Every structure is written in C-alpha cells, then in structure tokens.
2 protein chains.
Amino acid sequence: MSGVSPLTLNRLSLYLRCLQELGAEGVARISSTELAERFGLSASQIRKDLAQFGEFGIRGVGYEIVPLRSRLRSLLGLDRERGLVIVGVGSLGTALVRFPGFNRDGYRVVGLADSDPRLVGRMVDGKTVEPVAALGALVRRTGATLGVLAVPSAAAQGAYETLAAAGIGAVLNFAPTQIRALPGVPVKTVDLRIHLEELGFLMERPREGGRS
Amino acid sequence: MSGVSPLTLNRLSLYLRCLQELGAEGVARISSTELAERFGLSASQIRKDLAQFGEFGIRGVGYEIVPLRSRLRSLLGLDRERGLVIVGVGSLGTALVRFPGFNRDGYRVVGLADSDPRLVGRMVDGKTVEPVAALGALVRRTGATLGVLAVPSAAAQGAYETLAAAGIGAVLNFAPTQIRALPGVPVKTVDLRIHLEELGFLMERPREGGRS
DNA sequence: AGATGTGAATGAGTTCACAGCT
DNA sequence: AGCTGTGAACTCATTCACATCT
C-alpha cells in the first residue's frame, strides 16, 4: 500500500488545502463535483484518489469536510511535528527560513548551517547559523527529520551525504543538479530555473489568435 | 507540432544543462547511452525526446555537443533575452531577484513591484521597487515578457490579471493558490510546501535499515 | 561495428460510465 | 434522486527492439 504515485500525492496536498479553505468558510460537506468546479479539478479523479485510502464519502451526499481533512492530514504525516534543517543561508536559504509554508502545520525550521565562516554565528529569524562541519550534531540535537539544500550545485552532493549520515529522513534540494541518492534517504530536486524555461517555450507562439 | 509535453520539455532543459557541463569539460561528442549513464537518465528517452525536433545525432557516432546545445537553446527560446518582473518583494521575492537562475542565459530580472508603501522606492539588487499600481507601466517600460508572483495567495489572482492586461507573456506563481488563467497567458504554479509534504509521505517508514 | 531514429509493446495515469449505497 | 466507488476504455508516456545509416 506504499505504492502511491507522486502525482496522486501532490493532489492530496492540494485537496487538503481546498478543504482547509472550505472549512474556514464554514462549509460542512461537499460533493466531488462541486469541489472540482470550485477549484478547477477533475471530479472523477478526486474520487479515485480518495478511494485509494478507504471510503471517505457518503453516497448520495458527498464528503464531510472535517473528518476527511484530518484523515488527509494524518495520511500526509502532518499530524506529527517535523523539524527542518536548512543548509545554505544565502538569499534563497534565508527566504526559506521565514517561508510560511515551511513553518506551519507539521513543519518547522529548527536549524541552520552554512559553510561560510562569515555567516556562522549570525541569527536568522531567531535561529543561529551553525558551521556545516557541525551538521551531524545539529541534526541529532534538534531531531530534524528533513533537510533542505540551498547551497551551490558543487556543494550539494556533499551536504546531502552529511545529512544522510546524520540520520535525516529525506532531503529537498534546490541546487540545479542531480543528487545520487542513498538508499532510505529520498531526495527531491526543485529546479526553479526549469519552470522559467517551460514558460518560455509555451510563450513561443506569439501570433496565433492574437488580438489585432 | 506545438504539442510538446511538459515532461519532455523539462527534460530538454535538463539535457541542455548536462551538455553545458560536458562542454565545459571539453567533451566534443557523446552517445545517448553515455549521457544517460553519466547523469542518471534513460538513453532511449533521450533519443526519442531529441528526435521530435529533427535528426541531431550521427548514427554510429553520437551527438555533437556544440550544435546540439545551441539547437536546444534556441528551441527553449534562450537565445533571445527575456525580462522578468517580480511582484512581491518580501523574503521570497527578494531572494528571487538575486537568484542566479533568474539572471542568466536568456533571463534577467528587470523590474520589481510591491503593494506595501514601505517597500516602494527601496532598491533591491540595483532595481527600484515600484508600486503595484504602476505595474502596467513597468511592464511596458522594461519590455518584460515574464511575470513572477511572490505575493500572498489573496493577492495572486489580481496581480496575475494586471500582468496579463499589461501584455505579459506568461506568469510563474509562487503563491499556493490556483490561478484562473486567461487565454494566451499561461501560468505555472510552483508550490514549495507541496514538495515537503511529498517527502514527508515518502519518509513514512521510519525504522528500516536505520543506522545504529 | 556502433549508435541513431522509430514503430511496436508495455506501462502509467486519466476519464468514462454505471452499479450500488443513502 | 443523488453521489460515491470502481471496473473498463482510453489517452499519454516510457521502454524495447530493430531497421537504418555512418
């Protein structure tokens, strides 16, 4: 049952966010059709995605927001608190320390590290920047389970391996390079530049149905 | 022939990056098999992806790095310079202004805007922050073709529409919300939080081959 | 011989359509 | 009647295997 596709998984996160919004509005129940219309999704896909994990809906009625929401939360592991360690406190790293999505609902930044001695010792958002040499100790002390790499490409593989050795559970990598993963420590690379290039290509046909 | 899948497209960006690295090392030719091994890709997929756009390889030999690289560059539209306007100069927006991948090889940040009057007028990385009210003028003056949204969810749709009205070609959205797109102005939402949740799920089997 | 380019085969993911519950 | 849950149909994507060219 651990064979859930990443696509499905990402949609579950999305559904959860929709449910949160609906909950805040005071909606108690919603049908797959209405959910789909409201947020630009596909109704049958919602049903199929959810049905993978049990029968959450009430036939003839729809889905109860509150119980479904907490079921999704526990499925995604958001009911237990998880600590993040951010490696690399340059512009991007610093932004991530404060990023709301990284400090909410089950995730929280608990440690920072950088290899630049001029940054070590500085406070960022109430946390002290530690040397990368002390990364292992930092992970163990804070009990962090997730690592975030905001370092240059050349430093990424090394930082990943240090995190893995320190017992981290998974790593999110922002360096535009392929990490050779070790067994048991999944990595996900998020390449911000690549999204620009995708849009650049989609934009490529200027004269086509363009207004005169 | 404008029907290229986003998956293929993202891989093209990746291939280009690999070729750049190989070029820097002085490699002149490479076979799909070697390219695949070296960067953890699939050889037949490389061939199929490339063949979509013409015959770039030499049978029996492989691919010449230099010509293939420039063909990919022009395919992805990286041969003409493109200006980015960043809307929202909070932590994330500021980081993106300086982000190397946003200021290299065909892309450059040319304008900034924010709705917070306390930020308007400030300089970030040599650029002045303009009021969002002046976004249309900013886009026209700078000739920017791509917009980047680093604003709160509640402000995202509005900012998108302003950008679209000002004639922007496409928008990259970092707010965790679905944008209702207008015809001719594609949006791509990048949700940083969602990657955390994906890793959180993959991590779900803690005690298994754990280090002593 | 050696590697590309490509149809054919396989696999993954999505949509359809409807049986079955409320 | 209304909406879920789900097998079957379909579409999209990847991998295989080989004819083709250098």
Side-chain angles (χ1 to χ4, degrees), chain A residues 1-16 18-19 22 27-69 71-72 75 178 194 198 201-202, chain B residues 1-16 18-19 22 27-69 71-72 75 178 194 198 201-202:
Chain A
M1 220 253 229
S2 62
V4 186
S5 100
L7 297 182
T8 304
L9 215 45
N10 289 349
R11 284 193 301 265
L12 293 181
S13 295
L14 221 123
Y15 302 156
L16 177 55
C18 298
L19 293 175
L22 290 168
V27 179
R29 278 194 303 269
I30 195 166
S31 71
S32 58
T33 320
E34 203 186 330
L35 190 58
E37 270 165 18
R38 194 101 193 245
F39 297 94
L41 309 165
S42 140
S44 57
Q45 189 159 66
I46 292 169
R47 293 202 298 276
K48 196 145 254 185
D49 285 342
L50 296 179
Q52 255 180 92
F53 303 96
E55 308 210 350
F56 299 134
I58 307 158
R59 298 185 187 213
V61 178
Y63 298 89
E64 296 270 348
I65 306 254
V66 175
L68 179 56
R69 194 173 51 184
R71 188 75 184 81
L72 283 180
L75 248 172
Q178 173 79 7
I194 224 166
E198 186 182 334
F201 182 90
L202 293 177
Chain B
M1 221 257 224
S2 64
V4 187
S5 98
L7 297 182
T8 304
L9 216 44
N10 290 349
R11 283 193 302 264
L12 292 181
S13 295
L14 222 122
Y15 301 157
L16 177 55
C18 297
L19 293 175
L22 290 168
V27 179
R29 280 195 301 271
I30 195 164
S31 71
S32 59
T33 321
E34 203 186 330
L35 189 59
E37 270 166 17
R38 189 102 195 249
F39 296 95
L41 310 165
S42 140
S44 57
Q45 188 159 66
I46 292 170
R47 294 201 299 276
K48 191 142 259 188
D49 285 342
L50 296 178
Q52 255 180 95
F53 303 97
E55 307 208 351
F56 300 134
I58 308 160
R59 299 187 187 212
V61 177
Y63 298 89
E64 296 268 350
I65 306 253
V66 175
L68 179 56
R69 195 173 49 185
R71 188 76 184 80
L72 283 180
L75 248 172
Q178 175 78 7
I194 226 167
E198 186 182 334
F201 182 91
L202 293 177

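Letters go in sequence order (proteins before strands), and every chain restarts at 1. Source: prediction; values computed, not measured.
Taking 4.0 angstrom as the limit, B:R11 places a side-chain polar atom (N or O) nearer than this to OP1 or OP2 of D:dT14.
In this structure, the CD atom of A:Q52 is 11 Å from the P atom of D:dT6, given to the nearest Å. Whole-Å rounding puts the A:F56 CZ to D:dG5 C1' distance at 12 Å.
The nearest heavy atom of DNA chain C to A:K48 and to B:G57 marks one nucleotide each, and the one closer to the 5' end goes with B:G57.
Evaluation of the side chain to side chain contact (heavy atoms under 4.5 Å, CB included) rule for B:R71 yields B:F56, B:S74, B:L75 as partners, not counting sequence neighbours. Evaluation of the side-chain hydrogen bond (donor to acceptor under 3.5 Å, both in side chains) rule for B:S31 yields no partner, not counting sequence neighbours. Looking at residues two or more places apart in sequence or on another chain, you find a side chain to side chain contact (heavy atoms under 4.5 Å, CB included) between A:Q45 and A:R11, A:Y15, A:S42, A:D49. By the side chain to side chain contact (heavy atoms under 4.5 Å, CB included) test, B:V66 is found to be paired with B:R69, residues two or more places apart in sequence or in another chain being considered. Applying the side chain to side chain contact (heavy atoms under 4.5 Å, CB included) test to A:E37 and every residue at least two apart in sequence or in another chain returns A:T33. Under the rule for a side-chain hydrogen bond (donor to acceptor under 3.5 Å, both in side chains), the partners of A:R38 that lie at least two apart in sequence or sit in another chain are A:E25. Applying the salt bridge (Lys or Arg N to Asp or Glu O under 4.0 Å) criterion to A:R59, with sequence neighbours excluded, gives no partner residue. The side-chain hydrogen bond (donor to acceptor under 3.5 Å, both in side chains) check on B:E198 picks up A:K188, with sequence neighbours excluded. Qualifying side-chain hydrogen bond (donor to acceptor under 3.5 Å, both in side chains) partners for B:S13, counting only residues two or more places apart in sequence or in other chains: A:E197.
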A:L19/A:V27 under side chain to side chain contact (heavy atoms under 4.5 Å, CB included): CA gap, chis, key distance, verdict: CA-CA 9 Å; A:L19 293 175; A:V27 179; over 6 Å; no
Output, in order, the C-alpha distance, side-chain angles, deciding distance and verdict of side chain to side chain contact (heavy atoms under 4.5 Å, CB included) for B:L50 and B:Y63. CA-CA 10 Å; B:L50 296 178; B:Y63 298 89; 3.7 Å; yes
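Residues of residues 28-45 of chain A that place a heavy atom closer than 4.0 Å to DNA chain D, in numerical order, are A:S31, A:S32.
If you check every strand for non-hydrogen atoms under 4.0 Å, B:L7 touches sugar and phosphate atoms only.
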Show each protein N/O and nucleotides 19-22 of chain D N/O combination with a separation under 3.5 Å, one pair to a line.
unit_1, atom_1, unit_2, atom_2, d
D:dT20, O2, B:R59, NH1, 2.9
D:dT22, O4', B:R59, O, 3.4

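The span of DNA chain C lying next to chain B, judged by atoms under 4.0 Å from heavy atoms, is bounded 5' to 3' by C:dG2 to C:dA8.
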